[in-house]
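Positions are given from 1 along the sequence.
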Amino acid sequence: SNASALFGNGLNLGRTNVGQTRTLEFDAQVASASAFSSNVALTNTATVSSAEVGSRSATATVNVVVTPSANRDLTISKTVRNVDAATSFSSSVNADPGALVRFQITIITTGNAAQSNITVRDTMADSRLSLVGSTLTVNGSSVSNPVNFFGSGHNLGSAGGSTTFNIFFDARVAASGFGGSTIITNTATVSSAEVSGRSATATVNVTAGPPAENRDLTIQKQVRNIED
């Protein structure tokens, strides 16, 4: 009934006979998570003394384990190389009409919690760039049905933090339909159930050669009657 004394100057238990036990119990509330930045040990000490005996102490410890809040994110990068010209991967590459180029998309999950329904999509919006055969692979495995990848999206499933997906595919630049220099921009987007879309682009700079030389001549001939 006098709890304040227990946590202040001391609670008087009165006279205690030899071998007699006094047991005190109380409840305590650990502070909310916002009060802790890391794991911590909370030590509680009780002390007892009497008129005839000096103080004696005992401790008990509460180990507070701080569980970090879940955080998740996605990173995506996209590069391209000119296969015909044997260039290295870069964010932009030069190519002639009809050239074969190869795209690489790298997706990395970050954070301390898993993500689900990781979905990647490539627009391939310019008709002058087209997928070559069954060249689409994810982490070395062929994607049998690439329609979703270039449409509604290809589901990569679930993954924890620090998981990498490497995606490759070849595309053919159209042989015609270019006038001078043309930049074809290709965009890839990734999202998950927990993280909104992240995008990356790579460009193919197509330079059409000068128009074929074209020469011709025209000739006309007329006649009149000079006697009239």
Side-chain angles (χ1 to χ4, degrees), residues 72-111 113-212:
R72 307 173 177 88
D73 207 348
L74 290 163
T75 65
I76 181 171
S77 62
K78 186 166 190 178
T79 54
V80 60
R81 64 180 292 257
N82 187 328
V83 177
D84 292 341
T87 68
S88 57
F89 280 103
S90 176
S91 60
S92 181
V93 71
N94 296 325
D96 295 327
L100 179 66
V101 295
R102 178 167 297 153
F103 288 96
Q104 178 182 24
I105 301 168
T106 302
I107 296 167
I108 302 175
T109 62
T110 62
Q115 299 183 48
S116 58
N117 290 325
I118 302 169
T119 303
V120 59
R121 176 176 178 264
D122 195 290
T123 56
M124 193 78 85
D126 197 311
S127 61
R128 292 171 295 184
L129 202 61
S130 57
L131 176 68
V132 174
S134 56
T135 57
L136 176 61
T137 62
V138 177
N139 287 347
S141 298
S142 178
V143 177
S144 58
N145 183 12
V147 174
N148 288 342
F149 182 82
F150 297 102
S152 59
H154 176 73
N155 195 312
L156 299 172
S158 300
S162 301
T163 299
T164 300
F165 298 94
N166 286 309
I167 301 169
F168 293 91
F169 65 89
D170 292 349
R172 179 73 66 181
V173 179
S176 60
F178 302 97
S181 297
T182 302
I183 297 176
I184 300 177
T185 301
N186 188 254
T187 302
T189 303
V190 65
S191 63
S192 70
E194 297 81 14
V195 179
S196 59
R198 305 285 189 264
S199 297
T201 62
T203 58
V204 179
N205 306 313
V206 183
T207 301

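Taking each heavy atom of Ser152 and Thr119 in turn, the nearest pair found is O-CG2, 4.4 Å. The two residues Thr109 and Ala159 make their nearest non-hydrogen contact at CG2-CB, 4.3 Å. In this structure, Thr187 and Ser199 approach most closely via the heavy-atom pair CG2-CB, 4.3 Å. The nearest pair of heavy atoms linking Ile118 to Ser192 is CG1-CB, 4.0 Å. Taking each heavy atom of Gly157 and Asn155 in turn, the nearest pair found is N-OD1, 2.6 Å.
Using a 4.5 Å heavy-atom cutoff, the side chains of Pro97 and Val206 are in contact.
In this structure a side-chain-to-backbone donor-acceptor pair under 3.5 Å is missing from Arg102 to Asp170. With hydrogens and angles ignored, the 3.5 Å screen pairs a side-chain donor or acceptor of Arg172 with a backbone N or O of Gly98. Without hydrogens or angle criteria, Arg121 side chain to Val190 main chain gives no donor-acceptor distance under 3.5 Å. Here the side chain of Thr189 pairs no donor or acceptor atom with the backbone of Gly197 at under 3.5 angstrom.
For the residue pair Asn94/Thr207, the side-chain donor-acceptor check at 3.5 Å is not satisfied. Side-chain contact check for Asn166 and Thr106: at least one donor-acceptor pair (N or O, by modelled atom type) lies under 3.5 Å.
With rounding to the nearest 0.5 Å, the separation of CG in Asp126 from CD1 in Ile183 is 11.5 Å. Residue Ser142 holds its OG atom at 7.0 Å from CG of Leu136, rounded to the nearest 0.5 Å. Summarising the geometry, atom OG belonging to Ser158 is positioned 9.0 Å from atom CD belonging to Gln115; distances are rounded to the nearest 0.5 Å. Note that the CG atom of Asn82 and the CG atom of Leu100 stand 8.0 Å from one another [nearest 0.5 Å]. For the atom pair Ser176 OG and Arg128 CZ, the distance stands at 10.0 Å (nearest 0.5 Å). Atom CG in Asp122 sits 12.5 Å away from atom NE2 in His154 (nearest 0.5 Å).
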Fill in: side-chain contact (heavy atoms from CB on, under 4.5 Å) between Thr203 and Val80, intermediate numbers included
CA-CA 7 Å; Thr203 58; Val80 60; over 6 Å; no

Worksheet item: Does the pair Val173 and Leu129 meet the rule for a side-chain contact (heavy atoms from CB on, under 4.5 Å), with working shown?
Response: CA-CA 5 Å; Val173 179; Leu129 202 61; 3.9 Å; yes

Discussion item. For a side-chain contact (heavy atoms from CB on, under 4.5 Å) check, start with the C-alpha distance between Ile105 and Phe165, then their side-chain angles and the critical distance, and finish with the verdict.
Written reply: CA-CA 8 Å; Ile105 301 168; Phe165 298 94; over 6 Å; no

Worksheet item: Could you walk me through whether Leu131 and Phe149 pass the side-chain contact (heavy atoms from CB on, under 4.5 Å) check?
Response: CA-CA 11 Å; Leu131 176 68; Phe149 182 82; over 6 Å; no

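Here the options are Val138, Leu156, Thr163, the test is side-chain contact (heavy atoms from CB on, under 4.5 Å), and the partner is Ile107; only Leu156 passes. Among Ile167, Val204, Val93, the one residue that satisfies the side-chain contact (heavy atoms from CB on, under 4.5 Å) test with Phe103 is Val204.
Sorted by first and then second residue, the pairs that involve residues 186-206 and meet salt bridge (Lys or Arg N to Asp or Glu O under 4.0 Å), not counting sequence neighbours, are Asp73-Arg198.
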